[in-house]
Amino acid sequence: GSEIMIKERHRKKIMESLEKYGWEALMIGPSVDMEYLCGVKIRPDERLTALFILKDGRCFCVAPGIYHIEMKRHFCDMPLYLWDDLSWFPETMSRALSDYGLIGAGIALTAGIRSIDAADIARGDGVIFYNGENVIAGMRQIKDAREIDNLRISSEIADKVMNDLRSFLRPGMKENEAGEFIAAKYTEYGAYWRPGAVPIVASGPNGALTHYDEGVRTIGANDVVVVDSGARYHDYYSDITRTFFVGRPTDEQSRVFETVLAAQMIGEESVKPGVPASYVDKMVRDCITRKGYGKYFTHRTGHGIGREGHERPYISSSDDTVLEPGMVFSIEPGIYIPGKFGVRIENTVLVTENGCESLNKAPKKLMI
């Protein structure tokens, strides 16, 4: 059996989901889902690797033969169908599916399987594929004590970096000079900073671009600077945004800042078990709309944070996930005035028994 590989409680949950939706199996590719289920970290590439979990709890894996040593180590306790580079995977896949009675079956996919491979399997083996993203993503929403510890430390590191930046950020420096400082600090504090990724440092009119990442502008003497970053600590992400004022804010900038701050705090206050994610988004959006800035708040209020920087639940008008203790997500309203400036404030919060706890403690009002 494959008890050793996949925790029994996880397997039971998957079996229940398959039963509920009427699917025969779940097919999982190299992904955060695979890491979560069985601790296996495989880089996704053009060679198909797929772990199957059936409705009756049996498991098998189809994998590239060139990785046979790693695969036998990773998936030591389940049937392994290795395919070779010369004939590619279709024949081996057909044999595996046939052995388990899955030819022509309804199989749910997770995000780690390439759509082009799924298309070939659907054509070759008559499989009908379904979107099974919710199955493991749904399980991952509730963090256990160890996961919460890692998220807590990850968030503490993010706070430290933001506080360090406060004494470093100066007019006259380029945005990416501040960005490189942030990345180096995360690494110094033992968090993993993805090489090639740049923290968002968006000054002046760039602050109105929600995912700005060019970093070439020089920070001016009276700029509003939006800084958004997060790194991974022991596989768990942090995410924090602060808005810095270089020099004195104008009346309009102050008004926008106070509106975003009020909305962010209302967001945190509205989080508690039993309310839907969409309710939190509505409370935040209504607060901004009342002040006349509704059309300038162009994105969702937040997103889940865990092994991925963005995961479920999404704090948006279209996500009715009922909040439960152990969920962790961002509350990050923003107002973006095109051509002028933007303001965003973001904390990562943990849903508790009776409300929420912010994992970020760095001051929200920052003057340079």
Side-chain angles (χ1 to χ4, degrees), residues 158 161-162 165-166 168-183 197-230 239-267 281-303 309-310 314-317 330-348 360 362-368:
V161 172
M162 206 52 94
L165 179 68
R166 197 179 179 180
F168 177 79
L169 199 62
R170 287 288 169 272
M173 72 171 51
K174 289 253 193 293
E175 292 162 329
N176 48 21
E177 204 181 318
E180 281 160 18
F181 172 86
I182 293 166
V198 185
I200 296 172
V201 178
S203 65
N206 293 338
L209 309 169
T210 48
H211 274 175
Y212 169 82
D213 69 350
E214 285 171 36
V216 292
R217 189 175 175 279
T218 299
I219 296 169
N222 282 300
D223 271 354
V224 183
V225 187
V226 178
V227 180
D228 182 346
S229 75
D239 204 352
I240 186 173
T241 306
R242 292 293 183 263
T243 298
F244 293 81
F245 289 102
V246 182
R248 271 184 70 87
T250 63
D251 287 352
E252 182 189 25
Q253 289 168 352
S254 292
R255 237 187 354 262
V256 168
F257 181 85
E258 293 305 331
T259 303
V260 173
L261 181 59
Q264 202 281 330
M265 288 162 74
I266 279 173
D281 181 82
K282 184 183 179 334
M283 295 298 283
V284 171
R285 210 162 290 283
D286 286 354
C287 173
I288 289 176
T289 304
R290 275 198 304 275
K291 297 277 171 47
Y293 292 107
K295 68 172 183 197
Y296 301 116
F297 176 25
T298 49
H299 56 76
R300 61 193 175 201
T301 291
H303 53 83
H310 290 186
Y314 295 108
I315 312 303
S316 77
S317 57
S330 66
I331 304 277
E332 50 177 309
I335 293 174
Y336 310 95
I337 317 262
K340 287 177 145 186
F341 67 94
V343 171
R344 181 165 68 254
I345 302 170
E346 170 185 26
N347 276 354
T348 297
N360 293 113
K364 292 176 186 173
K365 190 139 201 187
L366 298 165
M367 304 294 200
I368 302 281

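Because only heavy atoms are used, hydrogens play no part in the values below, and waters and symmetry mates are left out as well, while side chains stay in.
Formation of a donor-acceptor pair under 3.5 Å by the Ser330 side chain with backbone atoms of His303 is found in this model. Under the 3.5 Å distance criterion, the side-chain polar atoms of Asn360 are matched with a main-chain donor or acceptor of Thr348. Distance alone, capped at 3.5 Å, is enough to place a donor-acceptor pair between the Arg285 side chain and the Phe297 backbone. Arg344 places no side-chain N or O within donor-acceptor distance of the main-chain N or O of Glu332, the cut-off being under 3.5 Å. With hydrogens and angles disregarded, a donor-acceptor distance shorter than 3.5 Å links the side chain of Arg242 to the backbone of Glu346.
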Which is it for Val224 and Lys340 under the side-chain contact (heavy atoms from CB on, under 4.5 Å) test, yes or no, and what are the steps along the way? CA-CA 9 Å; Val224 183; Lys340 287 177 145 186; over 6 Å; no
May I have the step-by-step check of side-chain contact (heavy atoms from CB on, under 4.5 Å) for Ile335 and Thr259, ending in yes or no? CA-CA 9 Å; Ile335 293 174; Thr259 303; 3.8 Å; yes
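Once rounded to the nearest 0.5 Å, the distance linking CD1 of Ile345 with CD1 of Ile331 reads 12.5 Å. In this structure, the separation between CD on Gln264 and SG on Cys287 is 10.5 Å, given to the nearest 0.5 Å. One finds the CZ atom of Phe244 at 4.5 Å from the CG atom of Leu165 (value rounded to the nearest 0.5 Å). Rounding to the nearest 0.5 Å gives a distance of 11.5 Å between NZ of Lys282 and CD1 of Ile266. Taking CD1 from Ile315 and OG1 from Thr301, the interatomic distance works out to 8.0 Å, rounded to the nearest 0.5 Å.
Taking all atoms of both residues into account, the shortest heavy-atom contact from Ile240 to Ala158 is CG2-CB, 3.8 Å. Pairing each heavy atom of Gly179 with each of Pro199, the nearest pair is O-CG, 3.3 Å. Between Ala221 and Pro171, the closest heavy-atom pair is CA-CB, 3.9 Å. What you find for Ile288 and Ala263 is that their closest heavy atoms are CG1-CB, 3.6 Å. Among all heavy-atom pairs drawn from Pro333 and Val284, the shortest one is CB-CG1, 3.6 Å.
Checked against ring-ring contact (aromatic ring centres under 6.0 Å, His included), Tyr296 has no partners two or more places apart in sequence or in another chain. Scanning for side-chain contact (heavy atoms from CB on, under 4.5 Å) contacts around Ser317 gives Asp281, with sequence neighbours left out. Checked against ring-ring contact (aromatic ring centres under 6.0 Å, His included), Tyr314 has no partners two or more places apart in sequence or in another chain. For Val198, the side-chain contact (heavy atoms from CB on, under 4.5 Å) test picks out no residue, with sequence neighbours left out. Thr250 is linked by a side-chain contact (heavy atoms from CB on, under 4.5 Å) to Glu252, Gln253, counting only residues two or more places apart in sequence or in another chain.
A side chain to side chain contact (heavy atoms under 4.5 Å, CB included) with Val227 holds for exactly one of Ile182, Ile200, Val161; it is Ile182.
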Side-chain donor-acceptor pairs under 3.5 Å in residues 202-209, sequence neighbours left out?
residue	atom	partner	partner atom	Å
Ser203	OG	Glu175	OE2	2.8
Ser203	OG	Arg217	NH1	2.7
Asn206	ND2	Glu175	OE2	3.0
Asn206	ND2	Tyr212	OH	3.0

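Side chains of Thr298 and Thr210 form a contact here, defined as non-hydrogen atoms less than 4.5 Å apart. Proximity of Ile337 to Tyr293: side-chain heavy atoms (C-beta onward) are separated by under 4.5 Å at one or more points.
The aromatic rings of Phe257 and Phe245 sit perpendicular, their planes meeting at an angle over 60°, well past the 30° parallel limit.
Electrostatic pairing of Lys174 and Glu214 does not count as a salt bridge here, judged by no charged N lying under 4.0 Å from a carboxylate O.
Under a cut-off of 6.0 angstrom, the local environment of CE in Met173 is crowded, with over 12 non-hydrogen atoms contributed by other residues, nucleotides or ligands.
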